[in-house]
Asker: 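Can you keep this structure in mind? I'll have questions shortly.
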Amino acid sequence: MGDIAKGVLVGAWTLLVGWILPTTINLAMLCFTVAPSLDGVVNTTRLRPTTPVGATLLLVFSVLFGLIMNAMQSPLYRILEGYLLWPQSLYLRRCHRHQALRTTLDERLQLLRLEREARHRSLEEHEQETLQRLQTSPELEQWRNRDRFRGLVQRALLLEQLARYPVDPDQIAPTRLGNAIRRFEEYGHDRYRLDTQLLWHELNAAAPEQARRQVDTARTSVDFFVALLYGHALVTVIAMGSLGASRADPVPLIATAAATAALIPVWYRTAVAACDDWAAAVRALVNVGRAPLAHALGLALPKSLVEERSMWTLVSKFTRIPYDDPAVALDRFRRDLEPLDTPPPGTSGPVS
């Protein structure tokens with residue numbers, strides 16, 4: 001019973017902070033900045049949050065719209081990731097752009113590393129060739145001298161920017177947020193051939209509770225800024241649209257529209273940065289959750305990493321495509337089933 005209550009509280013907290021709180025902020029901005037400028041058109045005095053009726057309506061609509069945004073979070077994220085409502089030409093152009101940016105970041109860091117190592121040891125032939133190519137590359141000309149004066153912290157920031165891209169260049173998305181999310185979506189497959197997108201619910205069901213909670217908590221920060229971003233976009237549109245109303249006060253409307261429009265890219269970049277914690281939490285979930293997942297699926301985790309990658313490849317195929325004879329290759333990874341009261345690895349106590 002305590003575990004159920006704890007799960008409900010965690011879920012309520014992520015919903016409250018991730019979606020309802022930013023919705024409240026956006027509705028309050030409408031009430032305090034846009035609504036007063038329309039008093040000459042509509043009498044909104046009694047509906048302001050400073051009155052009991054207005055405060056109640058603000059709370060009700062905040063919860064209502066927060067729940068609606070939470071239910072729509074998948075398409076909302078997909079738009080920002082570049083997967084939904086993007087023209088194909090724009091999608092491909094932005095993907096090529098980010099592939100070039102990732103390559104440039106990678107080569108800049110390679111150049112810094114090779115130049116540092118060249119001062120301490122003799123480079124091998126292939127390293128010397130790479131160093132010479134990077135030192136003469138026209139794409140790096142604007143960065144070479146500038147990067148050499150960077151300190152350790154600034155170089156670490158370059159590495160942080162590179163880490164926000166997927167390892168596989170073919171997985172590059174057309175936006176920064178899309179790449180920041182895609183890099184941890186591909187983590188399980190890149191390291192273990194575990195398709196976490198396909199087996200996400202199974203992984204969540206089997207992983208330790210603390211790992212699952214960390215993922216929910218880390219995602220809440222990203223949800224908050226995404227909801228704030230969409231709300232600010234809506235406030236901007238409403239404020240600009242209200243300028244056409246008769247007897248509307250243009251000064252607060254224009255100021256509100258300008259302020260919210262200027263904050264949209266700030267919230268977007270903050271959401272991208274907040275994905276770092278989300279990525280770390282998902283990485284931990286995969287690392288510590290794959291053994292309980294294998295146990296829950298009736299499999300024994302192999303000692304060899306090569307064998308483990310083969311096992312997860314077979315599990316992904318078995319889950320994704322209809323059954324056929326080659327699926328029996330999974331039999332060599334199956335384990336002897338224990339009694340039902342035997343706890344799986346990574347958990348404490350008997351299974352209830």
Side-chain angles (χ1 to χ4, degrees), residues 15-51 53-87 89-91 93-94 173-178 180-181 220-274:
L15 176 62
L16 176 65
V17 176
W19 298 101
I20 295 178
L21 178 58
T23 302
T24 305
I25 294 173
N26 287 312
L27 288 176
M29 290 180 62
L30 280 174
C31 293
F32 284 111
T33 61
V34 177
S37 65
L38 299 176
D39 279 345
V41 181
V42 180
N43 186 7
T44 59
T45 304
R46 293 184 57 194
L47 301 180
R48 293 178 185 173
T50 52
T51 65
V53 174
T56 303
L57 287 176
L58 176 63
L59 178 62
V60 170
F61 281 111
S62 296
V63 173
L64 176 62
F65 289 125
L67 290 173
I68 292 174
M69 292 191 70
N70 177 63
M72 295 179 59
Q73 61 181 283
S74 181
L76 293 178
Y77 266 94
R78 286 187 170 274
I79 292 172
L80 296 179
E81 291 176 82
Y83 301 139
L84 186 62
L85 302 180
W86 280 58
S89 58
L90 179 60
Y91 175 90
R93 187 162 62 249
R94 293 298 300 173
T175 67
R176 291 187 180 186
L177 184 63
I181 293 175
T220 300
S221 299
V222 186
D223 289 342
F224 176 85
F225 292 112
V226 168
L228 208 58
L229 182 155
Y230 276 105
H232 275 33
L234 186 59
V235 170
T236 302
V237 172
I238 293 175
M240 294 302 294
S242 300
L243 288 172
S246 59
R247 293 183 295 174
D249 188 353
V251 175
L253 291 176
I254 294 175
T256 300
T260 51
L263 285 172
I264 288 175
V266 175
W267 302 143
Y268 181 83
R269 290 175 178 270
T270 308
V272 173

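Treat the numbers as computed from the prediction; the structure is a model and nothing was measured.
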Asker: When rounded to the nearest 0.5 angstrom, what is the spacing between CE in M72 and CD1 in I79?
Answerer: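 Here the interatomic distance stands at 7.5 Å.
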
Asker: Could you tell me if the side chain of F224 sits less than 4.5 Å from the side chain of I25, heavy atoms only?
Answerer: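 Answer yes - side chains close enough.
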
Asker: Under 3.5 Å, which donor-acceptor pairs link side chains of residues 254-266 to any protein atom two or more places apart or in another chain?
Answerer:
residue : atom : partner : partner atom : Å
T256    : OG1  : T33     : OG1          : 3.3
T256    : OG1  : P252    : O            : 2.7
T260    : OG1  : T236    : OG1          : 2.6
T260    : OG1  : T256    : O            : 2.8
T260    : OG1  : A257    : O            : 3.2

Asker: Answer yes or no: is there a donor N or O on one side and an acceptor on the other, between the side chain of Y77 and the main chain of V226, under 3.5 Å?
Answerer: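 No, because the side chain of Y77 does not come within donor-acceptor range (under 3.5 Å) of the backbone of V226.
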
Asker: What heavy-atom pair brings P22 and A227 nearest, and what distance separates the two atoms?
Answerer: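 In terms of heavy atoms, the two residues are closest at CG-CB, 3.5 Å.
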
Asker: Output the distance between atom CG (L16) and atom OG1 (T220), rounded to the nearest 0.5 Å.
Answerer: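 The OG1 atom of T220 is 10.0 Å from CG of L16, to the nearest 0.5 Å.
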
Asker: Under 4.5 Å between any side-chain heavy atoms of N26 and H232, yes or no?
Answerer: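 Touching, per the 4.5 Å side-chain cut-off.
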
Asker: Please report the closest heavy-atom contact between G66 and W19, naming both atoms and the distance.
Answerer: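 That closest heavy-atom pairing would be O-CB, 3.6 Å.
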
Asker: Please give me the minimum heavy-atom distance between R176 and Y268, naming the atom from each residue.
Answerer: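 So the two residues come closest at N-OH, 3.4 Å.
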
Asker: Which heavy-atom pair separates A248 from L253 by the least distance, and what is that distance?
Answerer: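 Of all heavy-atom pairs spanning A248 and L253, the closest is CB-CD1, 4.1 Å.
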
Asker: Would you say the side chain of F225 lies within less than 4.5 Å of the side chain of L229, judging by non-hydrogen atoms?
Answerer: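 No, too far: nothing below the 4.5 Å cut-off.
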
Asker: Please name the pair of heavy atoms, one in Y83 and one in P174, separated by the smallest distance, quoted to 0.1 Å.
Answerer: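 Closest pair (atom of Y83, atom of P174, distance): CE2-CD, 4.4 Å.
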
Asker: Suppose the criterion is salt bridge (Lys or Arg N to Asp or Glu O under 4.0 Å): which pairs have a residue in residues 222-233, not counting sequence neighbours?
Answerer: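 Sorted pair list: R219-D223.
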
Asker: Table please: side-chain donor-acceptor pairs of residues 56-65 below 3.5 Å, with sequence neighbours left out.
Answerer:
residue : atom : partner : partner atom : Å
T56     : OG1  : P52     : O            : 2.9
S62     : OG   : T24     : OG1          : 3.2
S62     : OG   : L58     : O            : 2.6

Asker: Please report the interatomic distance CG(N70) to CG(L15), rounded to the nearest 0.5 Å.
Answerer: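 Those atoms lie 5.0 Å apart.
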
Asker: What heavy-atom pair brings Y91 and G82 nearest, and what distance separates the two atoms?
Answerer: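 Heavy atoms only, the tightest pair is CD1-O, 3.2 Å.
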
Asker: Starting at CG of L30, measure out to CD1 of I238 and round the result to the nearest 0.5 Å.
Answerer: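 One finds 4.5 Å between CG of L30 and CD1 of I238.
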
Asker: Could you check whether any side-chain heavy atom of L80 comes within less than 4.5 Å of a side-chain heavy atom of Y230, counting everything from C-beta outward?
Answerer: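 Result yes, sub-4.5 Å side-chain heavy-atom pair found.
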
Asker: With rounding to the nearest 0.5 Å, note down the distance linking CG in L76 to CD in E81.
Answerer: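 Reported to 0.5 Å precision, the distance equals 11.0 Å.
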
